[in-house]
Amino acid sequence: MTTGCIILAGGAGKRMKSEKPKVLCEVLKKPMLAWVLDCAKEFGFDRIGVVSGNKREMTESFISENYEGIPTYFQDEQKGTGDAVSRAEELIKSVDRVCVLCGDAPFIDADTLKNALALHENSNVGVTVITATLDDPKGYGRIIRDKSGKFTEIREQKDCSPEEAEICEINSGAYWFSSKALLEALPKLKNNNASGEYYLTDCVELIGNAEAYTSENPVIAYGANTKADLYELNSIARLGVLSKLMENGVCFITLDGIIIGKDVVIGEDTLILPNTIILGNTVIGKNCEIGANSCITDCVIGDNVILDNVKATSSVVEDDVKIGPFAQLRPGTVIRKGVKIGDFVEIKNSDIGEKTAVAHLTYLGDSTVGRGVNFGCGCVTANYDGINKYRTEIGDDAFIGCNTNLIAPVKIGKNATTAAGSTITKDVPENSLAVERGKTRIIENWEKNFLRKKK
Ligand code: UD1
Ligand code: CA
């Protein structure tokens with residue numbers, strides 16, 4: 001049996017008041033659509049497609065940049081969820097079972113889809129709707145059952161009678177269809193309802209034999225139509241991620257100001273301190289101390305690392321490294337084992353060798369630095385001449401004196417020393433000392449002359 005997934009992402013989302021299409025609005029800094037796409041990928045469908053519409057360019061370029069090979073089906077006019085699904089007719093025809101998901105309900109998960117599919121197969125129905133019971137069902141489609149308890153249809157909020165509006169079992173917006181039943185029902189949809197839209201939900205009545213898979217976890221149904229909804233989803237997701245990390249052995253003294261993305265992996269006994277934001281595909285090892293006030297995005301961090309007030313982006317930090325306070329690692333940086341980086345240091349696109357020390361007030365850009373190098377205070381690589389960028393290479397055990405300027409391209413040999421205050425424009429051979437300074441001139445009795453003039 002083959003399975004396909006259609007994710008609906010074409011709606012206007014006016015109430016969100018955003019420049020972006022609603023499905024690209026973010027939960028934990030990740031678009032809601034990406035949450036749903038990740039769930040679909042985890043499930044392992046034979047085919048996945050997305051229906052785009054409103055602000056299609058943004059939705060489609062997000063998909064092509066981040067989810068290669070997933071086709072989009074364009075819905076030119078937003079005439080309802082039923083019309084949207086019919087745009088993906090080609091996908092429906094190519095598989096036996098079709099799962100429809102909403103791009104604005106990010107918490108659906110692969111296990112729920114698997115359990116619902118098992119029910120769908122066992123009960124041999126045309127459609128199985130994933131439902132949930134909510135304390136406040138307002139805004140969702142209600143699950144209508146007959147006297148015997150059999151699920152017969154879905155009624156949208158706008159079309160509910162006062163009695164129907166009291167029903168707390170709702171449609172999550174996730175469904176399993178048998179392709180044949182769906183293909184037969186779609187052309188029969190009518191838009192004679194309160195919204196004037198072709199509702200996918202009307203397929204339940206049209207198909208006739210339907211099941212409801214009721215999820216134990218109502219959160220899977222939560223969708224966001226407004227920024228207030230989005231804030232609520234963020235709060236739920238944040239606590240969800242933090243509890244999972246605690247289950248996996250990560251430590252927190254407080255959760256204040258801590259935001260960690262859903263794809264972040266952190267090892268046992270690592271302590272996360274307040275006001276720390278860890279996002280993207282970051283992986284952090286065991287026994288580290290991250291924060292306070294750190295912002296780590298798309299980094300790979302080893303074991304026993306201390307990052308104190310650090311901003312790091314797209315960089316690698318090996319084991320036993322200490323960085324901070326107040327340091328920045330910009331993209332393309334690799335910090336090798338046992339390195340120490342102190343306060344007010346910025347490193348960009350550089351490889352810093354094992355046990356090197358960059359203690360204070362230093363900028364290293366486009367540099368390859370060996371092992372055991374010592375940088376004094378205030379060293380700068382001048383890597384940019386206003387047009388091009390150049391590299392600096394520093395050999396093992398070199399000693400870069402305080403306030404050295406290294407004018408790239410330049411090479412400092414192994415064991416070489418640069419004298420404090422030197423501006424180095426030529427390569428320095430191994431084991432040598434490079435001094436570039438004016439000679440000190442002494443003008444005597446200066447203070448007296450100065451005082452006399454002043455009188
Ligand atoms: C829909 C369901 C409702 C369910 C709820 C769950 C219908 C008629 N109603 O309501 O029963 O409880 O989801 O969240 O299906 N979309 C398109 N094209 C369109 C219209 C919508 O692609 O023409 C997409 C939207 O981008 C969104 C999804 O379909 O991702 C759901 O649409 P939305 O308008 O948010 O439906 P709801 O009113 O939430
Ligand atoms: Ca919705």
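Counting convention: from 1, in listed order, for ligands and their atoms alike. Here, residue 1 is the first one in the sequence, and each next residue gets the next number.
Close contacts between ligand 1 and Gly10 involve ligand atoms 17 (C), 22 (O), 26 (O) [criterion: under 4.0 Å to a heavy atom]. In the vicinity of Cys102, heavy-atom distances shorter than 4.0 Å reach the ligand 1 atoms 28 (C), 31 (C). The atoms of ligand 1 that sit less than 4.0 Å from any heavy atom of Gly141 are 3 (C), 4 (C), 11 (O), 12 (O). In summary, the atoms of ligand 1 found under 4.0 Å from a heavy atom of Ala84, numbered by their order in the structure, are 17 (C), 18 (N), 22 (O).
For Trp176 and Phe43, the ring centers are positioned less than 6.0 Å apart.
Protein non-hydrogen atoms do reach within 4.0 Å of atom 21 (C) of ligand 1. Atom 36 (O) of ligand 1 lies below 4.0 Å from none of the non-hydrogen atoms of the protein. Per-atom contact check: atom 33 (P) of ligand 1 does not touch the protein, criterion being a heavy-atom distance below 4.0 Å.
Taking 4.0 Å as the cut-off between side-chain N and carboxylate O, Arg47 and Glu90 count as a salt-bridged pair.
For Tyr140 and Asn171, the side-chain atoms include no donor-acceptor pair closer than 3.5 Å. Side chains of Asp83 and Gln75: a donor-acceptor N/O pair is present below 3.5 angstrom, by distance only. Looking at Asn383 and Thr381, their side chains never bring a donor and an acceptor atom within 3.5 Å of each other. Judged by distance alone, the side chains of Arg391 and Thr368 do bring a donor and an acceptor atom under 3.5 Å apart. A donor-acceptor pair shorter than 3.5 Å can be found between the side chains of Asn287 and Asn304. A donor-acceptor contact under 3.5 angstrom links the side chains of Asp109 and Thr112, judged on distance only. Side-chain contact, Glu60 with Ser52: a donor N or O sits under 3.5 Å from an acceptor N or O. A donor-acceptor contact closer than 3.5 angstrom is absent between the side chains of Asp159 and Asn193.
With contacts defined as side-chain heavy-atom distances shorter than 4.5 Å, the pair Lys22/Thr59 does not qualify.
Under the 6.0 Å distance and 45° angle rule, Arg56 counts as a cation-pi partner of Phe74.
Below 3.5 Å of separation, one finds an N or O of Leu8 facing an N or O of ligand 1. Remark: ligand 1 and Asp104 share an N or O pair separated by less than 3.5 Å (distance only, no angle test). When only interatomic distances are considered, the shortest N/O to N/O separation between Val51 and ligand 1 does not fall below 3.5 Å. Where the criterion is an N or O separation shorter than 3.5 Å, residue side chain and backbone included, Thr81 meets it with respect to ligand 1. Polar contact check, Tyr199 against ligand 1: no nitrogen or oxygen pair lies under 3.5 Å apart. Close N/O approach between Thr201 and ligand 1 is not found [any backbone or side-chain N/O within under 3.5 Å].
Summary of contacts: the protein heavy atom closest to atom 14 (O) of ligand 1 is Ser172 O, 3.9 Å. For atom 25 (C) of ligand 1, the closest non-hydrogen atom on the protein side is Gly11 N, 3.5 Å. Protein heavy atom nearest atom 9 (N) of ligand 1, with residue, atom name and distance: Glu156 OE1, 3.0 Å. Ranking the protein heavy atoms by distance from atom 23 (O) of ligand 1 puts Gly80 N, 2.8 Å first. Of the protein's heavy atoms, Gln75 OE1, 2.7 Å lies nearest to atom 18 (N) of ligand 1.
The atom name of the N/O/S atom in Asp104 closest to the Ca ion (ligand 2) is OD2.
Ligand 1 does not have Ala105 within reach: every non-hydrogen atom of the residue lies 4.0 Å or more from it. Using a 4.0 Å heavy-atom cutoff, Gly103 is listed among the residues neighbouring ligand 1. The shortest separation from a heavy atom of Lys22 to ligand 1 is under 4.0 Å, placing the residue in contact.
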Are Glu164 and Arg155 close enough, and set up right, to give a salt bridge (charged side-chain N to carboxylate O under 4.0 Å, His left out), and what steps lead you there?
-> CA-CA 8 Å; Glu164 288 167 341; Arg155 188 90 68 242; 2.9 Å; yes

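Selection from Ile170, Asn171, Ile7, Ile6 by nearest heavy atom to atom 4 (C) of ligand 1 gives Asn171.
Considering Asn309, Thr276, Asp308 as possible partners of Asn293, the one that fulfils the side-chain hydrogen bond (donor to acceptor under 3.5 Å, both in side chains) test is Asn309.
Contact annotation: for Ala221 versus ligand 1, there are no heavy atoms closer than 4.0 Å. Residue contacts with ligand 1 for Lys79 involve N, CA, C or O but no side-chain atom from C-beta outward (heavy atoms, distance under 4.0 Å).
Heavy-atom neighbours of Lys227 NZ from other residues, nucleotides or ligands within 6.0 Å: above the threshold of 12.
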